[in-house]
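First up is the structure itself, then whatever we jot down about it.
Note that the numbering runs from 1 along the sequence shown for the chain.
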Amino acid sequence: MKSFIIKTVALGLMTVGLWSCKKDETQLIATSGNGGTLSASAATVALDKSMLDAEVITLNWTAADFGYQAAISNTLQVAVKGDNFTTTKEFLLETNALTKTFNGLELNNLLLSLNLPFTAGTDIEMRVKSSISNAVTPVYSNVVGLNAKPFPLTAWVYVPGAYQGWAPETADSLVSETGNSIYSGIIGFTPGNLAFKITTGKNWNVGYGSAGAGKISTTGGDIMAPAAGAYEIVADLNVNTITFTPIVYGLIGDATAKGWDGDTEMTYAKGQWSVTTTLSAGEFKFRKNRAWDVDYGGTAGDAVKGGSNIKVATAGTYTVTLNTTTLKYTLVKI
């Protein structure tokens, strides 16, 4: 009898334990989830610089339902209408918030990231993506349309480094023509002076350094150029990446020592390309990266892409400059 009682009690405890485990497991299983409902306070927004600090649109949404109480992360997704959110830009929303009011600067930056035109409104679509973990499929709200027109907001970052004495106040810059936080420009590096950083102002208040593998961060060490020479640098502060593309301009033509078969290469510094070389009476052009994909000709100091050959009337030694920003060139006989 004693043995029977012990076995019965043990079996009962096992049953209770199994039931408890199953109950706990059931409590942790999320459903496939239902997205919230999104609405917007405006259907059309045309932005201009006077609206940078003004409230321009408010979005409201209801909470997504995953079947039990959990911390839900919400992200606003925007895409051009018809894209079906294939190329999506995202804006992280505050945890537990059910509303977001955008000022003009915030919305303009979001629209610029889509590379929308400035001349007319573009139909875009918005939705809220809700998720609770990487293991659970996110859910989406309904799609809300908006006709929006951004405005260009040119912005700069600066590139202090060993090539110019680590001085942010006099450093070369990278520019974002549309203010979409993607900055590009040409920087010339000299041998042994390859280290640099990127600052958001002409000071050291905020500086980006290397985080390795093409990434940058505000806590990173010195960024290193691949080698001496000029590079087109693209710094994308949306995703904190940096890329380098080597770039060189040269002279080619029967006025040069190499004729039309090779380039007399120029060096880059302070926003322009230059070379001192011997020229014969004849003609030449400027071209980029030793190829005819990009070339400049012109007359009277105006560089014209694909333009006519530049004429050299008298043989001699010249200092030749080309500014690819202002599209001006000079030939100074020395």
**Request:** Starting from the C-alpha separation in whole Å, work towards a yes-or-no answer on ring-ring contact (aromatic ring centres under 6.0 Å, His included) for Y163 and F189.
**Result:** CA-CA 6 Å; Y163 73 97; F189 297 95; 5.5 Å; yes
**Message:** Under the criterion salt bridge (Lys or Arg N to Asp or Glu O under 4.0 Å), I'd like the reasoning laid out for K258 against D263: C-alpha separation, chi angles, the key distance, then a yes or no.
**Reply:** CA-CA 7 Å; K258 297 181 180 180; D263 297 78; over 6 Å; no
**Item:** Derivation of the side-chain contact (heavy atoms from CB on, under 4.5 Å) call for T218 and V206
**Value:** CA-CA 7 Å; T218 54; V206 179; 4.2 Å; yes
**Request:** Run the numbers on T321 and S274 for side chain to side chain donor-acceptor pair (under 3.5 Å), then give the verdict.
**Result:** CA-CA 4 Å; T321 68; S274 65; over 6 Å; no
**Asked** Please walk me through it: do M51 and F151 pass side-chain contact (heavy atoms from CB on, under 4.5 Å)?
**Response** CA-CA 10 Å; M51 303 164 71; F151 65 92; 5.9 Å; no
**Message:** Using the rule given for side-chain contact (heavy atoms from CB on, under 4.5 Å), can you reason through V294 versus Y249, listing the C-alpha separation, both sets of side-chain angles and the distance that settles it, and then say yes or no?
**Reply:** CA-CA 10 Å; V294 177; Y249 275 85; 4.1 Å; yes
**Message:** Show, in sequence, the C-alpha distance, side-chain angles and deciding distance for L153 and N180, and conclude whether the side-chain contact (heavy atoms from CB on, under 4.5 Å) test is met.
**Reply:** CA-CA 8 Å; L153 191 63; N180 64 354; over 6 Å; no
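The hydrophobic clustering, which links ILVMFWY residues whose side-chain heavy atoms are closer than 4.5 Å, places L251 and L331 together. By the criterion of side-chain heavy atoms lying less than 4.5 angstrom apart, applied directly or through intervening Ile, Leu, Val, Met, Phe, Trp or Tyr residues, V159 is not grouped with W166; the two fall into different hydrophobic clusters. Both V144 and I124 belong to a single network of hydrophobic side chains, linked directly or stepwise wherever heavy atoms of I, L, V, M, F, W or Y lie under 4.5 Å apart. Tracing side-chain contacts under 4.5 Å through hydrophobic residues (I, L, V, M, F, W, Y), one never reaches L110 starting from L237; they form parts of separate clusters. Residues F244 and Y268 do not share a hydrophobic cluster, clusters being chains of Ile/Leu/Val/Met/Phe/Trp/Tyr side chains in contact below 4.5 Å.
The distance from atom CD1 of I198 to atom OG of S210, rounded to the nearest 0.5 Å, is 10.5 Å. Here L52 contributes atom CG and E106 contributes atom CD; the two are 11.0 Å apart, rounded to the nearest 0.5 Å. Atom NZ in K129 sits 4.0 Å away from atom CD in E90 (nearest 0.5 Å). The distance from the CG atom of L107 to the CG atom of L59 is 8.5 Å, given to the nearest 0.5 Å. For the atom pair E169 CD and N203 CG, the distance stands at 9.0 Å (nearest 0.5 Å). One distance of note links OG1 of T170 with OH of Y158; it measures 12.0 Å at 0.5 Å rounding.
Considering only heavy atoms from C-beta on, I242 comes within 4.5 Å of I223 through its side chain. At least one side-chain heavy atom of F196 sits under 4.5 Å from a side-chain heavy atom of I233. For the pair V136 and F66, the minimum side-chain heavy-atom distance is below 4.5 Å. With contacts defined as side-chain heavy-atom distances shorter than 4.5 Å, the pair I182/N238 qualifies. Side-chain contact between Y329 and T324: absent, with no pair of heavy atoms (C-beta onward) separated by less than 4.5 Å. Looking only at side-chain heavy atoms (C-beta outward), W61 and S141 stay at 4.5 Å or farther from each other. Between W260 and I252, some side-chain heavy-atom pair lies under the 4.5 Å cut-off. Side-chain contact between N108 and V56: absent, with no pair of heavy atoms (C-beta onward) separated by less than 4.5 Å.
Across all their heavy atoms, G201 and P168 have their closest contact at O-CB, 4.4 Å. A255 approaches V312 most closely through the heavy-atom pair CB-CG2, 4.1 Å. Minimum interatomic distance between K149 and F118 (heavy atoms only, all atoms of both residues): CD-O, 3.4 Å. Taking each heavy atom of S173 and W156 in turn, the nearest pair found is OG-CD1, 3.6 Å. In terms of heavy atoms, L322 sits closest to M266 at N-CE, 4.1 Å. The minimum heavy-atom distance between S280 and A315, with the atom names listed, is CA-CB, 3.9 Å.
Screening V332, T276, L279 for a side-chain contact (heavy atoms from CB on, under 4.5 Å) involving T317 leaves a single residue, T276.
Donor-acceptor pairing under 3.5 Å is lacking for the side chains of E232 and S184. No donor-acceptor contact under 3.5 angstrom links the side chains of T277 and T264, judged on distance only. Remark: the T44 side chain and the N147 side chain contain no N/O donor-acceptor pair separated by less than 3.5 Å. T241 and D236 are not linked by any side-chain donor-acceptor pair at a separation below 3.5 angstrom, with hydrogens and angles left out of the test. Using modelled atom types, one finds no donor on one side chain facing an acceptor on the other under 3.5 Å when comparing T86 with N84. Side-chain atoms of S73 and S131 form no donor-acceptor pair, as typed in the model, at a separation below 3.5 Å.
K197 places a side-chain N or O within donor-acceptor distance of the main-chain N or O of G220, the cut-off being under 3.5 Å. At least one donor-acceptor pair closer than 3.5 Å links the side chain of S41 to the backbone N or O of T58.
For the pair K100 and F102, the cation sits on the ring face: its NZ or CZ lies under 6.0 Å from the ring centre, inside 45° of the axis. In this structure, R127 satisfies the cation-pi test against F85, with its NZ or CZ atom closer than 6.0 Å to the six-membered ring centre and inside 45 degrees of the ring normal.
Taking 4.0 Å as the cut-off between side-chain N and carboxylate O, K285 and D295 count as a salt-bridged pair. Classification of D293 and K288 as a salt-bridged pair fails, no side-chain N sitting under 4.0 Å from a carboxylate O.
No more than 12 heavy-atom neighbours from other residues, nucleotides or ligands sit within 6.0 angstrom of NZ on K202. Within 6.0 Å of atom NZ in K49, 12 or fewer heavy atoms from other residues, nucleotides or ligands are found, so the atom counts as exposed in its surroundings.
Taking N289 as the reference, nothing meets the side-chain hydrogen bond (donor to acceptor under 3.5 Å, both in side chains) condition, with sequence neighbours excluded. When the ring-ring contact (aromatic ring centres under 6.0 Å, His included) test is applied to Y318, no partner is found at least two apart in sequence or on another chain.
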